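Everything numeric here is computed off the predicted structure, so don't read it as measured data. Start at 1 and go down the list; that is how both ligands and their atoms are numbered.
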Amino acid sequence: MTDGKKLMSIAISQMEKAYAPYSHYHVGAALLAEDGTIFTGCNVENASYGAAICAERTAFVKAVSEGARHFTAIAIAGGMNGVITEAATPCGICRQVMSEFCGKDFIILLALPDGKYEEHTLGELFPLAFNL
Ligand code: THU
């Protein structure tokens, strides 16, 4: 499997693509599919603030629309004006979207300053997930 460091470096470089003229908070994501394909995402904001789409969901929608359904891990990097000062944790809607396609063992890597990152699982960040 692709190692976490590589996945995280893709997420970090993806922060440059963020369209965040309102919040100035830039987020990049790199989603690893089971077959090794990596799908990228960034946040895409809108003058109608509620229409903003998070980096994680951009990556998931790109992946699913290309036929991918099984995922191993996602790396997420975010920070004000593109500077990582602490972990950008996925919002509730993104956790719900992750839980649609991923199990409890899905790995979530969160960027920290100085090239470090922390590792979590979806089960840890989204316990008692709602599912039909
Ligand atoms: N954002 C993400 O892209 N991912 C998250 O998990 C949290 C928030 C974006 C949405 C918005 O463009 C900006 O960060 C500030 O909330």
Side-chain angles (χ1 to χ4, degrees):
M1 127 160 189
T2 305
D3 67 86
K5 238 179 163 174
K6 180 183 165 195
L7 202 63
M8 182 51 78
S9 77
I10 294 169
I12 291 169
S13 61
Q14 197 62 22
M15 289 171 75
E16 289 167 22
K17 302 265 175 45
Y19 177 71
Y22 304 102
S23 74
H24 304 289
Y25 193 84
H26 295 214
V27 187
L31 174 63
L32 177 64
E34 251 176 36
D35 70 356
T37 309
I38 295 171
F39 295 92
T40 57
C42 66
N43 54 331
V44 182
E45 297 187 347
N46 193 278
S48 175
Y49 293 178
I53 303 169
C54 294
E56 299 90 319
R57 271 178 291 145
T58 302
F60 268 91
V61 170
K62 282 172 68 179
V64 174
S65 67
E66 295 296 324
R69 289 278 176 89
H70 304 286
F71 306 101
T72 311
I74 191 169
I76 304 162
M80 209 46 118
N81 299 308
V83 179
I84 300 166
T85 56
E86 60 183 354
T89 56
C91 79
I93 296 174
C94 288
R95 293 178 202 208
Q96 180 68 36
V97 168
M98 289 174 193
S99 91
E100 182 72 23
F101 297 101
C102 309
K104 285 196 289 249
D105 296 335
F106 179 65
I107 293 166
I108 300 170
L109 305 177
L110 304 177
L112 296 169
D114 304 321
K116 298 189 176 76
Y117 59 86
E118 55 187 45
E119 180 170 334
H120 300 275
T121 62
L122 183 59
E124 185 192 329
L125 295 190
F126 198 50
L128 302 175
F130 172 75
N131 265 306
L132 289 176

Undergrad: If you count every heavy atom of other residues, nucleotides or ligands that lies below 6.0 Å from Asp105 atom CG, does the total exceed 12?
TA: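 Atom CG in Asp105 is not packed in, count stays at 12 or less.
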Undergrad: Kindly check if the number of other-residue, nucleotide or ligand heavy atoms within 6.0 Å of CD (Glu124) is above 12?
TA: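 Counting neighbours around CD of Glu124, more than 12 heavy atoms of other residues, nucleotides or ligands fall under 6.0 Å, so yes.
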Undergrad: Which heavy atom of Phe39 sits nearest a heavy atom of Ala33, and at what distance?
TA: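 Scanning both residues completely, I find the closest heavy atoms to be CE1-CB, 4.0 Å.
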Undergrad: What do you reckon, does Cys91 put a non-hydrogen atom under 4.0 Å from ligand 1?
TA: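 Yes, Cys91 has heavy atoms under 4.0 Å from ligand 1.
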Undergrad: Would you mind listing which atoms of ligand 1 come within a distance below 4.0 Å of any non-hydrogen atom of Glu45?
TA: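 In order of number, 11 (C), 12 (O), 13 (C).
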Undergrad: Any idea which atoms of ligand 1 are less than 4.0 Å away from a heavy-atom of Thr89?
TA: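 Listed by number with element: 6 (O).
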Undergrad: Under 4.0 Å from a heavy atom of Glu56: give me the atoms of ligand 1 that qualify, with their elements.
TA: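 Those atoms are 2 (C), 3 (O), 4 (N), 5 (C), 6 (O).
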Undergrad: Any nitrogen or oxygen of Ser23, main chain or side chain, under 3.5 Å from a nitrogen or oxygen of ligand 1?
TA: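 No.
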Undergrad: Determine whether the aromatic ring centres of residues Phe101 and Phe106 are separated by less than 6.0 angstrom.
TA: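 Between Phe106 and Phe101, the centre distance exceeds or equals 6.0 Å.
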Undergrad: For atom 16 (O) of ligand 1, state whether the nearest protein heavy atom is under 4.0 Å away.
TA: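 Under 4.0 Å from atom 16 (O) of ligand 1, zero protein heavy atoms found.
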Undergrad: Return a yes/no value for Cys54: is any of its N or O atoms, backbone included, closer than 3.5 angstrom to an N or O of ligand 1?
TA: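 N/O-N/O distance below 3.5 Å does not exist for this pair.
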Undergrad: Can you list the atoms of ligand 1 that are under 4.0 Å from a heavy atom of Pro90?
TA: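 Near Pro90, the atoms of ligand 1 are 6 (O).
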Undergrad: Within a reach of under 6.0 Å around NZ of Lys17, are more than 12 heavy atoms found that belong to other residues, nucleotides or ligands?
TA: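 Open: at most 12 neighbouring heavy atoms sit under 6.0 Å from NZ of Lys17.
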Undergrad: Please check if any side-chain donor atom of Lys104 sits under 3.5 Å from a side-chain acceptor atom of Thr121, or the reverse.
TA: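 Short answer, no.
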Undergrad: Kindly indicate, with the supporting measurements, whether the criterion side chain to side chain contact (heavy atoms under 4.5 Å, CB included) is fulfilled by Cys102 and Phe60.
TA: CA-CA 11 Å; Cys102 309; Phe60 268 91; 3.8 Å; yes
Undergrad: When you measure from atom 3 (O) of ligand 1 to every protein heavy atom, which one gives the shortest distance, and what is it?
TA: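 That would be Ala55 N, 2.9 Å.
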Undergrad: Got an N/O contact under 3.5 Å between Cys94 and ligand 1?
TA: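 Among all N and O atoms of Cys94, none is under 3.5 Å from an N or O of ligand 1.
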Undergrad: Checking a contact table here: which protein heavy atom is nearest atom 9 (C) of ligand 1, and how many Å away?
TA: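 Among all protein heavy atoms, the one nearest atom 9 (C) of ligand 1 is Asn43 ND2, 3.6 Å.
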Undergrad: Are side-chain N/O atoms of Asn46 and Ser48 paired as donor and acceptor at under 3.5 Å?
TA: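 Per modelled atom types, Asn46 and Ser48 side chains form no pair under 3.5 Å.
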